[in-house]
Amino acid sequence: MAELSKGYEPGKTEGQWYQSWESKKYFHASEDHKGQPFSLVIPPPNVTGSLHMGHALNNTLQDVLVRYKRMQGYNAVWIPGMDHAGIATQMVVERMLAKEGIKREQLGREKFVEKIWEWKAESGGMILGQQRRLGNSTDWERHRFTLDEGLSKAVRKVFVDLYQQKLIYQGHRLVNWCPRCVTAVSDLEVKHVETKGSLWHIRYPTEDGQGEVIVATTRPETMLGDTAVAVNPKDVRYKALVGKKVTLPLINRKIPIIADDVVDKDFGSGVVKMTPAHDFNDYETGLRHKLEQISIFDSHGVLNQNAGSFKGLKNPEARKKVLEALTDGGFLVKEEPHAMAVGKCDRCDAVIEPMLSDQWYVKIAPLAKPAIEAVESGKIKFVPENWTKTYLEWMYNIRDWCISRQLWWGHRIPAWHCKDCQHVTVSLVDATQCEKCKSSNIKQSDDVLDTWFSSALWPFSTMGWPEKTKALETWYPTNTLITGFDIIFFWVARMIMMGLHFMKEVPFHTVYIHGLVRDERGQKMSKSKGNVVDPLGLIEDFGADALRFTLVSLVGAGRDIKFSEDRLDGYRNFINKIWNATRFALGAVEGVTPVEPASAAELSLADRFIIYELERTIKSVTVALDELRFTDAAMELYQVTWGEFCDWYLELSKPVLYGQDSRAKERTAFVLHSVLMRLVKLLHPFTPFVTEEIYQKLPKHGESICLEKYPTLDDSFLKLGSKTSAQEISVIKAVVTGIRNIRGENRISPAEKIKARTVSTDKKMLEILSANLPFVTSLARLSELNLTSDLGETKKCAINPIAIGDSRLQVVVPLEGLVDLDEEIKRIQKEIEKAQKDLSLAERKLSQDTFVKNAPPEIVELEKTRQSQLTDRIKQLEQALTRLK
RNA sequence: GGGCGUUUAGCUCAGCGGUAGAGCGCCUGCCUUACAAGCAGGAUGUCGUAGGUUCGAUCCCUGCAACGCCCACCA
């Protein structure tokens with residue numbers, strides 16, 4: 001046998017295994033495979049940079065699931081890919097060019113987009129490498145990029161279809177505009193940040209110069225675009241003024257005083273300035289009152305000619321100068337502090353300026369309706385389900401989606417404007433002439449589509465839509481979508497809408513939502529805070545398996561994860577533990593040929609017990625994974641592997657394997673290998689690398705663990721286990737623990753072999769012990785163990801009473817010559833105290849007849865057993881104490 | 001302003017109607033022939049707060065408090 005290193009070294013083998021898996025195409029799924037289909041599509045990472053911990057978590061969960069399903073015999077496919085991430089990527093490349101002093105306008109559209117492609121190749125390549133390091137078992141042959149030819153075709157088809165169905169339209173209206181990105185953005189891309197601002201009160205004189213109204217505003221510079229002031233129709237203070245005009249300060253425009261219900265008479269002065277071209281409220285009100293719309297900013301947020309002498313200024317100067325002018329003119333009444341939510345660009349953090357412009361919109365209500373029904377009816381389920389409400393709330397109040405962006409990186413809108421007749425031609429193929437007047441004097445829109453437009457099609461576009469492919473036929477709809485809560489609206493909701501509209505079928509049945517990975521203090525990881533943890537670095541230090549297992553163990557039920565290296569350290573140790581268990585399993589069995597037992601009777605109690613534990617584990621892990629309770633599955637495996645297999649079974653197998661009975665050795669060797677093999681398979685979806693490494697070392701292995709069947713209850717090997725063996729082993733465990741407790745508390749060195757005896761009048765107990773004597777002496781490190789029914793001499797002896805159900809047993813360890821008795825006295829006194837506390841609790845309960853009358857009989861029974869157990873225990877302990885000396 | 005979530009051992013979190021659990025950390029003793037990335041033993045909690053339902057509440061209900069997140073056009 002080749003020597004296995006003492007510690008597991010993931011770095012040495014992980015990369016090789018991945019290469020081997022990939023070259024053998026284990027992750028490639030064929031439409032012709034006879035298994036039941038199972039499919040996942042990856043949330044495509046942005047090509048903006050490298051993967052972070054969120055990706056590591058997200059991908060690990062998907063990989064666990066798809067490996068599990070694949071091993072179960074499903075025709076499982078996990079489709080990988082990347083997102084061009086329009087605005088985000090364009091900004092990254094713009095920033096890079098800026099460092100060289102280059103602006104994108106200098107390069108021109110074509111050259112600039114070329115630069116982005118270059119960058120995409122580099123960054124995308126890095127992401128692919130990272131995904132492989134993590135162990136993603138994606139079907140690489142199906143890898144897609146949102147700007148691929150095929151996906152672009154899908155995008156165009158969707159756009160044209162929706163346009164023809166009148167679900168896409170062009171509108172001239174107010175949009176969220178980012179002056180720094182110089183593009184429109186959707187409602188979702190505006191983050192409202194609570195900010196301490198001011199409320200300025202400004203005097204607007206009436207036209208006749210006789211009176212005035214005071215308006216309150218948080219954005220005084222926009223007054224330059226005011227076209228009215230408004231009051232509440234029920235406000236008696238201003239009733240007489242409605243219909244009259246005021247003179248707009250600085251500009252001297254005469255603007256009407258209108259009455260509208262939107263005005264809250266109790267806020268500020270009860271008079272609101274109306275800036276229809278730069279405020280959503282005012283825009284709406286303006287439409288109702290047919291107010292003039294005056295844009296005062298250009299696309300970069302610079303004041304234009306409509307701002308009179310303020311032209312050329314930009315905020316915050318613009319505001320400052322306007323306020324100065326207002327003060328000089330005596331128009332400024334006061335300034336008071338005011339908290340408000342300022343809209344900021346999700347991408348660049350610039351203040352969003354509502355602006356009038358021509359944009360393309362998706363009419364969303366008709367698409368939203370079936371998407372709401374799909375979730376309400378349970379056709380699509382959220383896990384955890386409280387996200388259902390979040391989704392539905394948003395969908396009920398959804399507004400038309402602005403899909404055009406004034407960017408260069410993305411899918412260009414397939415619309416051609418005719419300069420002769422102004423008609424817009426929307427076409428699947430590039431148009432050469434106007435469809436209406438046939439003029440060739442046409443120009444394609446410069447705008448591109450919101451990046452989420454293409455990702456909305458992801459579940460079917462990646463499978464080749466609009467072609468009728470076998471992939472679609474086989475794998476659409478997908479089964480489970482695993483993603484973060486932050487993109488439920490951006491992505492999940494839109495996929496549901498598009499899937500239902502174009503495929504007439506939901507894109508997935510289950511949406512598993514996980515939280516954010518935060519740092520150990522619970523803070524969001526961000527480059528600016530410098531607390532970003534690079535998953536690749538962790539993989540270098542701890543191995544991919546340890547990282548994966550840590551993430552799965554922390555993911556819990558949909559809440560955020562506080563990530564700390566301590567945890568990772570612990571699970572790295574777990575990986576090492578399995579590794580060393582394997583070293584033992586191989587080393588201790590050297591020279592022994594494992595022989596399959598003919599029946600359970602040929603096996604030791606320990607053998608039968610661990611097989612039973614294995615069966616239990618298969619059941620619970622399978623149920624947990626089927627319910628997407630990843631953490632529960634992982635914890636169960638951790639517990640059984642370490643707590644039962646290593647701590648108990650391996651120790652119990654030692655007396656056999658190091659003993660003389662070669663038949664027994666052969667049987668135990670068989671069980672040891674069989675159980676380990678199955679444990680490793682159970683673990684494989686979580687920790688693919690180490691399990692492959694171990695699998696390859698174990699006898700009778702196949703080509704790769706990736707090709708193995710996931711353990712099931714339908715396995716004749718499991719028949720060798722039994723529940724009674726688990727109950728019997730608990731007697732052994734209790735006796736061993738009882739002796740160890742005496743050893744530990746009395747500080748008897750583990751090297752010291754001691755004598756002990758167990759006393760019981762219960763024949764069954766003694767039988768179990770006598771049949772398993774070598775196990776107890778080995779685990780408790782005894783020189784001898786006597787079994788008696790009589791307590792006998794207990795002078796200078798430590799005694800530990802043990803109760804298992806109705807059975808009583810005492811463990812007696814002579815301390816003579818080992819230690820002085822003070823520690824033992826302390827130990828017993830402590831035990832008595834504890835038992836008395838517990839007993840009084842039980843007695844109090846039983847003394848209340850409301851309890852005895854009302855509680856279910858089995859609970860009362862339990863309490864009674866407890867009472868008698870504790871009474872006996874105290875009696876025995878007290879006896880022990882008095883007889884000690 | 002609406003909605004959601006959290007509050008359990010020093011830390012991170014399980015548990016969700018019958019005497020409080022795990023990992024890490026801590027204390028004690030051990031390099032016991034798989035593993036010191038280990039072994040054995042031990043300590044640690046008015047389960048956020050005030051009420052209510054119940055024979056019984058960490059768990060269910062109602063207030064309250066603190067923290068966090070999402071959505072929203074109050075100038």
Side-chain angles (χ1 to χ4, degrees), chain A residues 4 6-8 187-188 192 199 215-219 222 230 262-264 266-275 279-285 338 340-341 343 354 386-387 389-390 393-394 397 485-486 488-489 515-516 520 522 542 546 553-554 556-564 566-567 569-588 631-632 635 638-639 643 646-647 650-651 654 658 737 740-751 753 781 827 830 837-839 841-842 845 848-856 858-860 862-863 866:
Chain A
L4 268 63
K6 205 168 161 186
Y8 177 57
D187 296 339
L188 281 175
H192 294 273
L199 192 60
V215 303
T217 178
T218 54
R219 301 173 62 216
T222 62
V262 292
V263 182
D264 174 358
D266 298 323
F267 185 91
S269 57
V271 186
V272 190
K273 58 192 272 313
M274 286 287 130
T275 322
D279 182 282
F280 286 98
N281 248 334
D282 299 359
Y283 177 78
E284 293 296 329
T285 315
H338 183 73
M340 56 181 180
N386 57 293
W387 291 108
K389 196 160 181 181
T390 307
E393 277 305 311
W394 188 70
N397 300 305
F485 65 83
D486 50 330
I488 290 178
F489 306 145
L516 235 55
E520 66 266 281
F542 296 88
S553 77
L554 290 171
R559 43 193 225 169
D560 287 354
I561 288 174
K562 277 185 207 172
F563 186 85
S564 89
D566 285 350
R567 281 307 269 267
D569 214 43
Y571 292 118
R572 187 263 319 266
N573 296 352
F574 174 61
I575 307 292
N576 191 51
K577 187 78 183 175
I578 313 165
W579 174 253
N580 274 293
T582 308
R583 282 180 65 216
F584 171 77
L586 296 175
T631 307
D632 292 348
M635 288 301 101
Y638 179 96
Q639 158 55 26
C646 291
D647 287 351
L650 293 188
E651 294 305 321
K654 281 177 184 174
Y658 295 147
T737 306
R740 281 174 176 171
N741 172 265
I742 292 172
R743 289 189 87 116
E745 292 285 276
N746 287 290
R747 296 201 187 90
I748 300 168
S749 155
K753 295 244 177 167
R781 305 189 67 76
R827 199 201 109 235
K830 204 166 65 183
K837 223 169 78 187
D838 291 348
L839 179 64
L841 252 161
K845 267 193 177 178
Q848 298 164 340
D849 42 289
T850 44
F851 170 74
V852 182
K853 250 193 298 187
N854 295 322
E858 65 269 23
I859 296 299
V860 178
L862 198 99
E863 217 55 43
R866 193 172 286 152

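Per chain, numbering begins at 1; letters A, B, ... match sequence-line order. Side-chain atoms are counted along with the backbone in the values below, which use heavy atoms only and exclude waters and symmetry mates.
- Protein atom CG of A:Asn281 is 8 Å distant from nucleotide atom P of B:C74, rounded to whole Å.
- Taking atom C1' in both B:G15 and B:A20, the straight-line distance is 9 Å, to the nearest Å.
- Counting any heavy atom pair closer than 4.0 Å across all strands shown, A:Arg219 reaches no nucleic acid atom.
- Spacing between atom CG of A:Asp632 and atom P of B:G15 amounts to 7 Å, rounded to whole angstrom units.
- The phosphate of B:A36 (OP1 or OP2) has a side-chain N or O of A:Lys6 nearer than 4.0 angstrom.
- No hydrogens or angles were tested; on distance alone, nothing pairs the side chain of A:Glu393 with the base of B:A72 as donor and acceptor under 3.5 Å.
- Using a 4.0 Å heavy-atom criterion, one finds that A:Ala216 contacts the bases of the nucleic acid, with or without backbone contacts as well.
- Listed for the A:Asp279 side chain is no donor-acceptor partner under 3.5 Å among the backbone atoms of A:Pro354.
- Put simply, CH2 on A:Trp394 is 17 Å from C1' on B:G2, counting in whole angstrom units.
- Base contact: A:Arg572 has a heavy atom under 4.0 Å from a base atom.
- Atom CE of A:Met274 and atom C1' of B:C74 are 11 Å apart (whole Å).
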note = Annotated structure of RNA chain B as dot-bracket, pair cut-off 3.5 Å, Watson-Crick or G-U only, | for inter-strand, is ((((((((.[[[[.)..(..]]]].(((((.......))))).....[[[[[..)....]]]]])))))))....
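- Remark: C1' of B:C55 and CD1 of A:Ile859 are 12 Å apart, rounded to the nearest angstrom.
- Counting non-hydrogen atoms under 4.0 angstrom, A:Pro856 reaches a base of the nucleic acid.
- No engagement by A:Tyr571 is indicated, since no non-hydrogen atom pair under 4.0 Å with the nucleic acid exists.
- Going from the C1' atom of B:U7 to that of B:U58 covers 12 Å, rounded to whole Å.
- Among the protein residues, A:Val263 comes within range of the nucleic acid bases, having at least one heavy atom under 4.0 Å from a base atom.
- Considering only side-chain N and O atoms, A:Lys654 lies nowhere under 4.0 angstrom from the phosphate OP1 or OP2 of B:C39.
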message = Would A:Phe542 and A:Tyr571 count as a ring-ring contact (aromatic ring centres under 6.0 Å, His included) here? Give the steps.
response = CA-CA 9 Å; A:Phe542 296 88; A:Tyr571 292 118; over 10 Å; no
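- Nucleotides B:U44 and B:C70 are separated by 38 Å at their C1' atoms, to the nearest Å.
- Of the listed nucleotides (B:G18, B:C69, B:U19), B:G18 has the atom at the smallest distance from the side chain of A:Phe851.
- Every residue was checked against the salt bridge (charged side-chain N to carboxylate O under 4.0 Å, His left out) condition with A:Lys577, not counting sequence neighbours, and none meets it.
- Listed for the A:Asn576 side chain is a donor-acceptor partner under 3.5 Å among the backbone atoms of A:Tyr8.
- If you take CG of A:Leu188 and C1' of B:C69, they are 16 Å apart, rounded to a whole angstrom.
- For A:Arg747, the side-chain atoms get nearest to B:U28 when compared with the rest of B:C55, B:A75, B:U28.
- For A:Arg219, the salt bridge (charged side-chain N to carboxylate O under 4.0 Å, His left out) criterion is met by A:Glu353, not counting sequence neighbours.
- Among the heavy atoms of the strands lying under 4.0 Å from A:Asp838 is at least one base atom, whether or not backbone atoms are also near.
- Looking at residues two or more places apart in sequence or on another chain, you find a salt bridge (charged side-chain N to carboxylate O under 4.0 Å, His left out) between A:Arg827 and A:Glu824.
- Among the atoms of the strands shown, only primed sugar atoms or phosphate atoms (P, OP1, OP2) are found under 4.0 Å from some heavy atom of A:Thr737.
- The P atoms of B:C39 and B:U33 are separated by 14 Å, rounded to the nearest whole Å.
- In this structure, A:Arg583 atom CZ and B:A34 atom C1' are separated by 5 Å, rounded to whole Å.
- Separating the C1' atom of B:U8 from that of B:G48 is a span of 10 Å, rounded to the nearest Å.
- Among the nucleotides B:G38, B:A75, B:G18, the one closest to any side-chain atom of A:Ala855 is B:G18.
- Spacing between B:G21 and B:G42 at atom P, rounded to whole Å, works out to 14 Å.
- No contact: A:Asp849 has no heavy atom under 4.0 Å from any strand.
- Counting non-hydrogen atoms under 4.0 angstrom, A:Leu650 reaches a base of the nucleic acid.
- When the P atom is compared between B:G23 and B:A43, the two are found 15 Å apart, to the nearest whole Å.
- A:Lys273 comes within 4.0 angstrom of nothing in the nucleic acid, heavy atoms only.
- Counting non-hydrogen atoms under 4.0 angstrom, A:Tyr8 reaches a base of the nucleic acid.
- Between the C1' atom of B:C74 and the CD atom of A:Glu284 lies a distance of 15 Å, rounded to the nearest Å.
- Using a 4.0 Å heavy-atom distance criterion, A:Asp264 is classed as a base contact.
- You'll find a donor-acceptor pair under 3.5 Å spanning the side chain of A:Lys577 and the base of B:C35, going by distance alone.
- For the pair A:Arg567 and A:Phe584, nearest-nucleotide mapping onto RNA chain B gives the more 5' position to A:Arg567.
- Distances shown here put a side-chain N or O of A:Tyr658 below 4.0 Å from the OP1 or OP2 atom of B:A34.
- Rounded to the nearest Å, the gap between the P atom of B:U12 and that of B:G68 is 15 Å.
- In this structure, CG in A:Leu188 is found 11.5 Å from CD1 in A:Ile488, a value given to the nearest 0.5 Å.
- In terms of the side chain to side chain contact (heavy atoms under 4.5 Å, CB included) criterion, residue partners of A:His192 (sequence neighbours excluded) are, by chain and number, A:Val190, A:Ala341.
- Nucleic acid contact class of A:Glu651 (heavy atoms, under 4.0 Å, all strands): base.
- In this pair, A:Phe267 and A:His338 present their aromatic rings perpendicular. The plane angle is above 60°, beyond the 30 to 60° band.
- Side-chain N or O atoms of A:Asn741 include none that pairs as donor or acceptor with a backbone N or O of A:Thr737 at under 3.5 Å.
- Residues passing the salt bridge (charged side-chain N to carboxylate O under 4.0 Å, His left out) test with A:Arg743: none are found, sequence neighbours excluded.
- Nearest-nucleotide assignment on RNA chain B puts the 5′-proximal partner with A:Asn386, out of A:Thr850 and A:Asn386.
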